[in-house]
*Asks:* 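Pasting a structure below so you can have a look.
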There are 2 protein chains.
Amino acid sequence: MAEKNHKIRIKDIAVLAGVSEGTVDRVLHNRGDVSDRSREAVTKVLEEMNYSPNLLARSLASKKNYNFVCLFPSFEPGEYWECVDKGFKQAALEFLHHNVHIEKKYFNQFDSQSFVCVSESVLKTEPDAVFIAPIFRNETISFINDLNNLTIPYSFIDSMIENTDFNTYYGQNSFQSGFIAAKLLLNSMPDGSQIVVIRTKRKGSVSNQTLTRRNGFYSYIQENHLDNKLNIISAEFNNNDESGNLEILKQIFKQNHSIRAVITFNSRVYSLAMHLEALQQTNVRLIGYDLLEENVKYLKQGIVNYIIGQRPDKQAYFTVRDMCRKLIFRQEINRINYMPMDVLMKENIEDYVQFNENI
Amino acid sequence: MAEKNHKIRIKDIAVLAGVSEGTVDRVLHNRGDVSDRSREAVTKVLEEMNYSPNLLARSLASKKNYNFVCLFPSFEPGEYWECVDKGFKQAALEFLHHNVHIEKKYFNQFDSQSFVCVSESVLKTEPDAVFIAPIFRNETISFINDLNNLTIPYSFIDSMIENTDFNTYYGQNSFQSGFIAAKLLLNSMPDGSQIVVIRTKRKGSVSNQTLTRRNGFYSYIQENHLDNKLNIISAEFNNNDESGNLEILKQIFKQNHSIRAVITFNSRVYSLAMHLEALQQTNVRLIGYDLLEENVKYLKQGIVNYIIGQRPDKQAYFTVRDMCRKLIFRQEINRINYMPMDVLMKENIEDYVQFNENI
DNA sequence: TCAAATATCGTGTGCGGACACGGAGTTTAA
DNA sequence: TTAAACTCCGTGTCCGCACACGATATTTGA
């Protein structure tokens, strides 16, 4: 291996191999019309010199344009998918000069038909790559079949569908994130404590992610034999009926007097926090997911004790970056990427948020 | 504001402003020889079109070379500074084609004279920027005075010296990281518990960081009025005398029988873990700093309960990146950057480490 | 009034790589 | 035997920008 520094150019390789720049280029892109003798000479020099192309010059010279499409749920300000959107936006900016153009397409996460509609319109634009949040399993499978037929590469974000030919997946290990939530919530909990687990009915089906988190949660309880030491109370919220939900909570607290912890597996722990505040039950331990502004607010106030984060903006950013690495830079990439599970508390939220904003 | 996409070139600006490319260039780099009328016309179009230069083309065209020097402690494999080194290496690779060359200079962190020596040799090479781990306060101040005289910009990493004209600082908020360690360690600790705090004598002075962490730790205790509920036992280790340290620990455990937690403020909690394992005292809560391989090993085994991480590789990487942003890309940067305090446990260490390796 | 100095500006070249084009040499077919 | 087809490969142009060079007004001084 040669020195790492000091840039070696195609021109240098050409001289050393005794051919012209064009021939080196042909070897590099193996696009034929090269004699075996020339090819071998060039290949040898390439290896000896440890050549790596100047990606800046490459993108500058390349006339090929890349159109990427992102397919994920629409959102209101402050909701989870806004963070994902932000990550895509950042990537768009960074890779613009590499001739990458990013288009975002939103669908209604409670209406599978809207996904079908949007995905069909995406096909017509013949993109160079697609990034999908596979909320709707069957519809997504049908969509990626079409993509496969057109040999359009795709990546999953947030969750994934096994046994498909995706480029990358970035998302949380949901099971483990439920497991760890249990540990944080139930750590040193006195015997006989009552724990409230909130599920939320969605207009559509229950999301796969919250289901898996819940499994991880109960798995921790079993592994640590907490089943009969703790008393788990399950309750069900309705998605958009906050006053009804408040009433449900109120009843639970009226009927039970050893409640020490509450948990929910979706990203809307702020609504729980709000209700607990209204009921003056801020002494129970409360844990939730994702760093929505409202969640952070209650974390700082101490009403929410822990939030588990998953860097959704990075998920989006890296998804784009990796597709560039594959298609443009021809680099190796990792297919399955579980995000770190960030444990946030009142004491470390400040630096975390600040850092994320400046990166 | 105009459309974001679709690249606007200097040539486009020139046409729209009715001048030549050269004039636009002169305005962009405000290097004079432009009439007020032309300047105004160009400036107006620049704003209207929301022009942003193609950084790829700029670096490609620029003949200026940037030599950056990193000045930080030498290390053995597995030690803390190896992570920093890794971050610098990554940055070197990424910015190589932007004409940036990075040289690393190591000094002995226990010998201020070695810092003076190395820093003097750095001055002679007339670098374009310097990154410093200011372990030795006075010597560093003297060094940055010289840098100021030569108008060489510099950044701090790991810790910083106030009231100096550094470009950026990346590092942990040490006080807060001690505070949060206390919270994790002392959470739900029964009254009367004994807590062992280990300090380590260094051949040189005590490091400023571990001192500040300890202050944060005690500050948590005071704020939560744990002073008389808990019994803090202070012990002192010697830096390189492991068998002596084991003996010290042994005596402590012989004389005290309610020890429930142990903490150290440097990055070598693995040595504590090792001793506790030898003494069969693995049921005490144990907490430490930084994700050295050995620390991670004991965390996975459950002997260490928490590690607080600070992403040292990112610190180095961002330090370089920000200097590039300032000198080459002329972008705005943030001066003081506290790293997130990552809370790692057995349950989330795996994904965290994996993710960091693939980024 | 005319040369010299100055202010202003356009043009050309190069950075490293992609790719189109076409030239030179060789093989095939008629 | 000669044109056509094919193989192999060098050259030229362009990508967007930086910067040197020198050209063209315009002003100044004597």
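The sequence lines fix the lettering, A, B, ..., with proteins before strands; numbering per chain opens at 1. In this text, all values refer to a predicted model and were calculated from it rather than measured experimentally. Worth knowing before you read on, the calculation uses all heavy atoms, side chains too, and leaves out hydrogens, waters and symmetry mates.
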*Asks:* How many Å lie between CZ on B:Arg26 and C1' on C:dG10, as a whole number?
*Replies:* 8 Å
*Asks:* Under 4.0 Å between a side-chain N/O of B:Tyr51 and OP1 or OP2 of D:dC17, yes or no?
*Replies:*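 Yes, within the criterion.
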*Asks:* At less than 4.0 Å, is any side-chain N or O atom of A:His97 found next to OP1 or OP2 of D:dG16? Yes or no.
*Replies:*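 Negative; the distance criterion is not met.
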*Asks:* Which one, D:dC9, C:dG16, C:dT8, comes nearest to the side chain of B:Ser35?
*Replies:* C:dT8
*Asks:* With nearest nucleotide decided by heavy atoms, which residue, B:Asp33 or B:Leu56, maps closer to the 5′ end of DNA chain D?
*Replies:* B:Leu56
*Asks:* Name the nucleic acid region contacted by A:Asn54, choosing base, sugar-phosphate or nothing; use a 4.0 angstrom heavy-atom cut-off, strictly under.
*Replies:* sugar-phosphate
*Asks:* Using the closest heavy atom to pick a nucleotide of DNA chain C for each, name whichever of B:Ser38 or A:His29 lands nearer the 5' end.
*Replies:* B:Ser38
*Asks:* Flag this pair as yes if the NZ/CZ of B:Lys105 is under 6.0 angstrom from the six-membered ring centre of B:Phe107 and inside a 45 degree cone about the axis; otherwise no.
*Replies:*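 Pair B:Lys105/B:Phe107 does not count as cation-pi.
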*Asks:* In whole angstrom, give the distance that lies between atom CD of B:Glu21 and atom P of D:dC15.
*Replies:*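 After rounding, the gap between these two atoms is 11 Å.
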*Asks:* Among C:dC9, D:dT11, D:dC15, find the nucleotide with the atom closest to the side chain of A:Ser20.
*Replies:*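 Nearest nucleotide to the side chain: D:dT11.
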*Asks:* Starting at atom CD1 of A:Ile13, determine the distance to atom P of D:dG10, rounded to an integer number of angstrom.
*Replies:* 15 Å
*Asks:* Expressed as a whole number of angstroms, how long is the span from A:Ile10:CD1 to D:dT11:P?
*Replies:*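 Rounded to the whole Å, the gap is 15 Å.
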*Asks:* Check the phosphate of C:dC15 against B:Ser62, side-chain N and O only, distance under 4.0 Å to OP1 or OP2. Yes or no?
*Replies:* no
*Asks:* Return the nearest nucleotide to the side chain of A:Asp25; candidates are D:dG16, D:dC15, C:dC19.
*Replies:* C:dC19
*Asks:* Of the non-hydrogen atoms in A:Ala14 and A:Glu21, which two are nearest, and what is the gap between them?
*Replies:*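 Looking at all heavy atoms of both residues, the shortest contact is CB-N, 3.7 Å.
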*Asks:* Measure the distance from NZ on A:Lys63 to C1' on D:dC14 and round it to the nearest whole Å.
*Replies:* 5 Å
*Asks:* Under 6.0 Å between ring centres: does that hold for B:Tyr106 and B:Phe72?
*Replies:*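 Here the rings of B:Phe72 and B:Tyr106 have centres that are less than 6.0 Å from each other.
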*Asks:* Can you tell me the distance, in whole Å, between the CZ atom of B:Arg31 and the P atom of C:dT8?
*Replies:*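 Taking atom P of C:dT8 as the reference, CZ of B:Arg31 is at 15 Å.
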*Asks:* Parallel, tilted or perpendicular, judged at 30° and 60°: which one describes the rings of A:Phe166 and A:Phe156?
*Replies:*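 Tilted.
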*Asks:* Would you please indicate if the ring centroids of B:Phe329 and B:His98 are separated by under 6.0 Å?
*Replies:*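 Ring centroids of B:Phe329 and B:His98 are less than 6.0 Å from each other.
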*Asks:* Taking only side-chain N and O atoms of A:Thr23, does any of them lie within less than 4.0 angstrom of OP1 or OP2 on D:dC9?
*Replies:* no
*Asks:* Measure from NE2 on B:His98 to P on D:dC17 and round the result to the nearest Å.
*Replies:*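 To the nearest whole Å, that distance equals 14 Å.
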*Asks:* Counting only heavy atoms not in B:Arg31, do more than 12 sit closer than 6.0 Å to its CZ atom?
*Replies:*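 Enclosed: over 12 neighbouring heavy atoms sit under 6.0 Å from CZ of B:Arg31.
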*Asks:* Can you tell me if the side-chain N/O atoms of B:Ser59 get under 4.0 Å from OP1 or OP2 in D:dC17?
*Replies:* no
*Asks:* Would you kindly compare B:Gly22 and A:Lys64 by the position of their nearest DNA chain C nucleotide and give the one closer to the 5′ end?
*Replies:*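 Whichever sits nearer the 5' end wins; that is B:Gly22.
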*Asks:* Tell me the interatomic distance from A:Asn65, atom CG, to D:dG16, atom P, rounded to whole angstroms.
*Replies:* 11 Å
*Asks:* If you check every side-chain atom of A:Val19, which of D:dG10, C:dT8, D:dC17 has the closest atom?
*Replies:*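 Closest nucleotide to the A:Val19 side chain: D:dG10.
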